[in-house]
There are 2 protein chains.
Amino acid sequence: MDLLTRTEEIILLSVHELRDSAYGVTIRDLAADLTGRRWSIGAIYVPLDRLTRNGFLKSHSGDPTHQRGGRRKRLYRLTAKGVTALKETKELQDKLWAAIPGVSALRPRPV
Amino acid sequence: MDLLTRTEEIILLSVHELRDSAYGVTIRDLAADLTGRRWSIGAIYVPLDRLTRNGFLKSHSGDPTHQRGGRRKRLYRLTAKGVTALKETKELQDKLWAAIPGVSALRPRPV
DNA sequence: TTATATTTGTTCTATCTTATAGAACAAATA
DNA sequence: TATTTGTTCTATAAGATAGAACAAATATAA
């Protein structure tokens, strides 16, 4: 079982969600949108690299777009291993929280 | 918003679940049970320390137990801040996964 | 009744892995 | 050659992991 970090989970989910337009910039924007935080360039590309090296993602170079300027994109896609890791992560989370009462009922117990 | 790491989430949930018997050893055992992995001593106490320093947990020394041997326990409890962080973490996760079809439907899309 | 053994639990520290930030660089079209 | 879009690279901070060392409790032996 490969347990993902939270960053890795967010990035893999973003890649999944973005389908054929998953590359550095769009992944960064979606992650920012989902989490309500700013993500630096490095906070996206470093994990993307590692996830690719470790077989959770694969990447290929996109075609030129005939838009004004701009370097070619590196597009990402989940591998079967990436999908499995996401599933297992979700299952663990569900298990973790299954025993806990509704989130809204969570309160610190007085000493 | 304080976004917890996965380790922190698991530890805080374990502390919550264990109520008045949350200390290093029981937390370690519950984390192992929940995740199906072995947790080293340091993998528990180092985050416990940090979570306490950062105000997510508070701790106090337990009474001697009149069982055979054994050092006094350091018991942990969630603070209001810890509860809030757990709630926000859960909400983020729910949001992250809300857009995704059932986990079982997740498959890598062919290239 | 004092010393030593045994048990349970925590503290400490070293090292490895991840996260984070942004400068530098590259490649595309205007 | 300038401008735009995007990626690579690198340095540093933060978190994860492992387990040796240490501490404090009761049991047992002399």
Side-chain angles (χ1 to χ4, degrees), chain A residues 1-12 14-15 18 21-32 35 37-54 56-76 85 89 92, chain B residues 1-12 14-15 18 21-32 35 37-54 56-76 85 89 92:
Chain A
M1 182 186 183
D2 284 296
L3 194 21
L4 300 170
T5 68
R6 199 169 312 278
T7 296
E8 289 171 341
E9 178 187 23
I10 290 165
I11 289 180
L12 291 188
S14 297
V15 168
L18 288 163
S21 54
Y23 69 102
V25 173
T26 51
I27 294 167
R28 184 196 195 191
D29 290 346
L30 180 52
T35 61
R37 312 172 108 62
R38 182 180 171 277
W39 291 65
S40 71
I41 302 171
I44 294 294
Y45 282 104
V46 169
L48 271 179
D49 251 38
R50 188 178 59 246
L51 287 165
T52 304
R53 262 187 291 111
N54 293 347
F56 297 96
L57 291 173
K58 55 179 186 288
S59 78
H60 68 280
S61 188
D63 295 327
T65 53
H66 298 287
Q67 313 286 25
R68 171 78 175 88
R71 184 173 171 166
R72 200 167 283 207
K73 306 175 193 346
R74 173 165 296 282
L75 294 164
Y76 291 90
T89 296
L92 173 66
Chain B
M1 181 189 186
D2 284 296
L3 194 19
L4 301 169
T5 67
R6 199 169 313 278
T7 295
E8 289 170 341
E9 178 187 22
I10 290 165
I11 288 180
L12 291 188
S14 297
V15 169
L18 288 163
S21 55
Y23 69 101
V25 174
T26 52
I27 294 167
R28 184 196 195 193
D29 290 348
L30 180 51
T35 60
R37 313 172 108 60
R38 182 179 172 277
W39 290 64
S40 72
I41 302 172
I44 293 294
Y45 282 103
V46 170
L48 271 178
D49 252 39
R50 190 179 57 247
L51 287 164
T52 304
R53 263 186 290 111
N54 293 347
F56 297 97
L57 291 174
K58 57 178 184 289
S59 77
H60 68 280
S61 188
D63 294 325
T65 53
H66 298 287
Q67 312 286 25
R68 171 79 174 86
R71 184 172 171 168
R72 202 166 281 208
K73 306 175 194 342
R74 174 166 296 283
L75 295 164
Y76 291 90
T89 297
L92 174 65

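Proteins get letters first, then strands, A, B, ... in listed order; numbering begins at 1 in each. Nothing here was measured: the structure is a model prediction, and the numbers come from that model.
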- Quick one: look up who D/dC9 pairs with, Watson-Crick or G-U, both distances under 3.5 Å, and put none if it's unpaired. C/dG22
- Item | Nearest-angstrom distance from the residue atom CG of B/L3 to P of D/dA14 | 16 Å
- Query: Rounded to the Å, how far apart are A/R53 CZ and D/dC9 C1'?
  - Reply: 13 Å
- Whole-Å distance between D/dG15 C1' and B/I44 CD1? 14 Å
- Query: Between atom CZ of A/R74 and atom CZ of A/R72, what is the distance when rounded to the nearest 0.5 Å?
  - Reply: 11.0 Å
- Message: Of the listed nucleotides (C/dA21, C/dG9, D/dT5), which one gets closest to any side-chain atom of A/K73?
- Response: D/dT5
- Below 4.0 angstrom from OP1 or OP2 of C/dT11, is there any side-chain N or O of B/R74? yes
- Task: Hey, could you give me the OG1/CD1 distance between A/T26 and A/I44, rounded to the nearest 0.5 Å?
- Result: 9.5 Å
- Message: D/dA14, OP1 or OP2 - any side-chain N/O from B/T5 closer than 4.0 Å?
- Response: no
- Query: Do side-chain atoms of B/S14 reach the backbone of B/L30 as a donor and acceptor pair under 3.5 angstrom?
  - Reply: no
- Query: Reckon A/R6 has a side-chain N or O less than 4.0 Å from the OP1 or OP2 of C/dA19?
  - Reply: no
- Message: Show the nearest heavy-atom pair for residues B/G42 and B/P47, with the distance to one decimal.
- Response: O-CD, 3.6 Å
- Of A/V46 and A/L75, whose nearest nucleotide on DNA chain D comes first from the 5' end? A/L75
- Which value, rounded to the nearest 0.5 Å, describes the distance between B/L48 atom CG and B/R28 atom CZ? 12.0 Å
- So, is B/S40 near the phosphate of D/dA18, with a side-chain N or O under 4.0 Å from OP1 or OP2? yes
- Query: Mapping A/R72 and A/W39 to their closest nucleotides on DNA chain C, which lands nearer the 5' end?
  - Reply: A/W39
- Message: In whole Å, I'd like the distance from the CZ atom of A/R71 to the P atom of D/dG6.
- Response: 11 Å
- Query: Step by step, would you call A/W39 with A/T7 a side chain to side chain contact (heavy atoms under 4.5 Å, CB included)?
  - Reply: CA-CA 11 Å; A/W39 291 65; A/T7 296; 3.9 Å; yes
- Query: If only side-chain N and O atoms of A/R50 are considered, is one of them under 4.0 Å from the OP1 or OP2 phosphate oxygen of C/dT20?
  - Reply: no
- Query: Mind checking whether B/Y76 and B/L51 have side chains closer than 4.5 Å, heavy atoms only?
  - Reply: no
- Spacing of A/D49 atom CG relative to C/dT17 atom C1', expressed in whole Å: 15 Å
- Query: D/dC9 P sits how many Å from A/L48 CG, rounded?
  - Reply: 14 Å
- Residues B/T52 and B/K58: closest non-hydrogen pair is CG2-CA, 4.5 Å
- Query: Taking CG from A/D29 and C1' from D/dG6, how many angstroms apart are they, rounded to a whole number?
  - Reply: 12 Å
- Query: Mind checking who C/dA27 pairs with, Watson-Crick or G-U wobble, both distances under 3.5 Å?
  - Reply: D/dT4
- Here the residues of residues 21-28 of chain A within 4.0 Å heavy-atom distance, strictly under, of DNA chain C are none
- What's the CG-P distance between B/L51 and D/dA14, to the nearest Å? 16 Å
- Message: Quick check on DNA chain C: between A/I41 and A/T7, whose nearest nucleotide comes earlier from the 5' end?
- Response: A/T7
